[in-house]
Amino acid sequence: MSLDRIGYVYTFGMDETELLEALETTDTGVLALASEGSAYAIPVGCYYDDGALYVRLTDDGASTKLSYLEATTEACLLLYAVEPPDGSWSIVALGPIRELTDRESEAFDEATMIERFGKPRIFDEDLEALEWSVYELEIAELTGRKTGGRTLS
């Protein structure tokens, strides 16, 4: 396959201003976890505030994600947007992830959770059985890419 025939789009690194704007205005991402060589990725509500990156998770008592979360030493959170026809950006944040303490969680009451993380997406779960929790991904590495420049097709 020749890229000259099918076309491609150049990508570039995002500067700090672009990274912060994207982090501060995006409330959905994909959290990737790992356990014993197996990967598990899930869509999550996310929130960025002054260097801290938070994700909201739910548990119905039989959560696969929480078992992966316990086994993960370094999580990966992907945030992205696609702006047709050729515009896009993505940010990858890597680092350890931890559940907030009870005291830290007090900053996230029900109204604040909706405001910061958006409406939760429920997948055939009993709403009364769901437990909500907030985790912080401690950013060890942050990389952002965006499309730009000329598009060749």
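Put simply, CG on Leu53 and CG on Leu79 are 6.5 Å apart, with the number rounded to the nearest 0.5 Å. One distance of note links CD of Glu131 with CG of Leu57; it measures 12.5 Å at 0.5 Å rounding. Once rounded to the nearest 0.5 Å, the distance linking OH of Tyr54 with CD of Glu104 reads 7.0 Å. Here OH of Tyr48 is found 5.0 Å from CG of Leu20. Values are rounded to the nearest 0.5 Å. Atoms NZ and CD1, on Lys146 and Ile91 in that order, are 11.5 Å from each other to the nearest 0.5 Å.
Listed here is the closest heavy atom pair of Ala93 and Leu142: CB-CD1, 3.8 Å. When all heavy atoms of Met14 and Ala22 are compared, the closest pair comes out as CE-CB, 4.1 Å. Closest non-hydrogen pair, Val30 versus Ala41, comes out as CG1-CB, 3.9 Å.
Partners of Arg145 according to the side-chain contact (heavy atoms from CB on, under 4.5 Å) rule, which considers only residues two or more places apart in sequence or in another chain, are Thr11, Ser90.
Heavy-atom contacts from other residues, nucleotides or ligands closer than 6.0 Å to CG of Asp109 number more than 12. Within a 6.0 Å sphere centred on CD of Glu21, heavy atoms belonging to other residues, nucleotides or ligands number 12 at most. No more than 12 heavy atoms of other residues, nucleotides or ligands sit less than 6.0 Å from atom CD of Glu110.
Glu83 places a side-chain heavy atom less than 4.5 Å from the side chain of Trp89. When side chains are defined from C-beta on, Ile97 does not count as touching Leu77, because their heavy atoms never get closer than 4.5 Å. Contact of the Leu100 side chain with the Arg98 side chain is registered, since non-hydrogen atoms from C-beta on lie closer than 4.5 Å. Put simply, the side chain of Thr64 does not reach to within 4.5 Å of the side chain of Ile42, judged on heavy atoms. Side-chain contact check for Glu99 versus Leu69: every heavy-atom pair is 4.5 Å or farther apart.
At distances below 3.5 Å, not a single donor-acceptor pair connects side-chain atoms of Asp49 with backbone N or O atoms of Ala52. With Ser35 contributing its side chain and Tyr68 its backbone, the two residues share no donor-acceptor pair below 3.5 Å. Looking at Lys65, its side chain never comes within 3.5 Å of a backbone N or O of Tyr40 through a donor-acceptor pair.
Under the 4.5 Å side-chain heavy-atom criterion for grouping Ile, Leu, Val, Met, Phe, Trp and Tyr, Tyr47 is not connected to Leu31 through any hydrophobic cluster. Taking hydrophobic clusters as Ile, Leu, Val, Met, Phe, Trp and Tyr residues chained together by side-chain heavy-atom distances below 4.5 Å, Val92 does not share a cluster with Leu23. Linking ILVMFWY side-chain heavy atoms closer than 4.5 Å, directly or via other members, places Leu137 and Val55 in a single hydrophobic cluster. Leu33 and Leu94 fall into different hydrophobic clusters, where Ile, Leu, Val, Met, Phe, Trp and Tyr are joined by side-chain heavy atoms under 4.5 Å apart, directly or via other members.
Cation-pi geometry between Arg116 and Phe108 is satisfied (NZ or CZ under 6.0 Å from the ring centre, within 45° of the ring normal).
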